[in-house]
Amino acid sequence: MVAAIQEQAARLCSVSPALAVDVRSEAARLIAERAPGDLDVVFFTNGGAEANENAIRMARLHTGRHKVLAAYRSYHGATAGSIALTGEPRRWPSEPGLPGVVRYWGPYLYRSSFHATTEAEECERALAHLREVLMFEGAHTVAAIILEPVVGTNGILVPPDGYLAGVRAICDEFGIVMVADEVMAGFGRCGEWFAVDRWGVTPDLITFAKGVNSGYVPLGGVIISRAIAATFARQPFPGGLTYSGHPLACASAAASIRIFEDEGINQHARRIGDETIGPQLRDLAARHPSIGDVRGLGVFWAVELVRNRQTREPLVPFNAGGADAAPMAELSAALRANGVWPFTHFNRLHFVPPCNVSETEVAEGIAALDVALATADRYSRD
Ligand SMILES: Cc1ncc(COP(=O)(O)O)c(C=O)c1O
């Protein structure tokens, strides 16, 4: 990775985005070849938020419609448009945001918005709810439905089988652009190049960043279907960024994708998730009453902490701060005392190591969690 960046730095560090560059074309080719279906064209950005901004602009121009449906449990970035798409509380201080954003509930069986008791029921009811939202909004006014195929920061919510295919069918029925935000879930995290590959679903646009080049140099982008690319062959896409397809970033993307393949990183992520992380987290759940739910895939996991397993009362309230958030702060402090820097969100602790994490490192993380969970167990009334 470092050699690829060094070599590119010696050849060409920066170039106008209007000029063709071999490394940009190469990075685009490698990404397009791995993207599902006819998603063959890549528009590069500097990160995930910009990728979503541009995807929404493409969907609006392609359809001539303006509304965008976005999930409540979502994070899409911190620019003006992307934070307006975001459903969680980081959006609140920037409201009113982009007009035309409409919210829906995605599937989340553990805290079902639809009183479902099985994955199949949750899937069916979440899709029926989406249809109902579209009926009241007027499906003909909706340009795009954006979703994280596996919701990241807002819960590591793995969709039930059939959900993404159902959204795909609804988008096809109403001529709506399906945008998969794979900024967090893509490039190995779910054990595949793209999370949608798990369910064999092809969106119209995929947004990416982070894992595309293992984060070595800022890079993101949108992978575009042939039909949408054809729109911008007829009328230019009125967008572009000075650093679009930056040579250093593209050189690192090409190197990263090749290394992923040479070292079997996606297969490793899938295997270590199935055989080590999942079983070990479930083993912790059997011993710690504060764990209400364990879910995830690949190297993308969360444990949801509760005060009571029967009622599922969260360990801390939604969006808690200050004294209300103390139980989670104590858990974080206990982990840090054991040399592990945790990622927590609301009442959840996320277990999201690098894609090339070793068995020993997973064991180290699990052991630290095992000790630290004693702090959360003290609040348990199970
Ligand atoms: C799903 C998702 N989309 C978009 C973003 C924003 O990406 P960036 O921070 O590169 O702008 C993030 C960042 O965490 C994300 O998780």
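When a ligand or atom number is given, it counts from 1 through the structure's own listing order. Not measured: the values here are computed from a predicted model. Counting begins at 1 with the first residue of the sequence.
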Here the pair of heavy atoms bringing M328 nearest to R348 is CE-O, 3.4 Å

query: Should R168 and E173 count as an ion pair when the cut-off is N to O under 4.0 Å?
result: no

Is it true that R57 and E53 have a side-chain N and a carboxylate O under 4.0 angstrom from each other? no

For residues 205-231, run the donor-acceptor check on the side chains, cut-off 3.5 Å, and write out each pair with its distance to 0.1 Å, sequence neighbours left out.
| unit_1 | atom_1 | unit_2 | atom_2 | d |
| --- | --- | --- | --- | --- |
| T207 | OG1 | N52 | OD1 | 2.9 |
| N213 | OD1 | G215 | N | 3.1 |
| N213 | ND2 | V217 | O | 2.6 |
| N213 | ND2 | S252 | OG | 3.0 |
| S214 | OG | S256 | OG | 2.9 |
| S225 | OG | I228 | N | 3.3 |
| R226 | NE | D40 | OD2 | 3.1 |
| R226 | NH2 | D40 | OD2 | 2.8 |
| T231 | OG1 | H62 | ND1 | 2.6 |

Exercise. Does atom 9 (O) of ligand 1 have any protein heavy atom closer than 4.0 Å?
Worked result: no

_Are there over 12 heavy-atom neighbours, none belonging to R11, within less than 6.0 Å of that residue's CZ?_
no

Parallel, tilted or perpendicular: which one describes the rings of H350 and F343, with boundaries at 30° and 60°? tilted

Please work out whether the ring planes of F232 and F237 are parallel, tilted or perpendicular, with thresholds of 30° and 60°. perpendicular

Any N or O on G48 sitting closer than 3.5 Å to an N or O of ligand 1?
yes

If the cut-off is 4.0 Å to any non-hydrogen atom of [X], which atoms of ligand 1 fall inside it?
X    : value
V183 : 2 (C), 3 (N), 4 (C), 5 (C), 7 (O), 12 (C), 15 (C)
N52  : 3 (N), 4 (C)
G47  : 10 (O)
A49  : 6 (C), 7 (O), 8 (P), 11 (O)
E148 : 1 (C)

The protein heavy atom nearest to atom 2 (C) of ligand 1 is Y75 O, 3.3 Å

Residue, atom and distance of the protein heavy atom nearest atom 3 (N) of ligand 1 read D181 OD2, 2.7 Å

To atom 4 (C) of ligand 1, the nearest of E50, K210, H76, M184 on a heavy-atom basis is H76

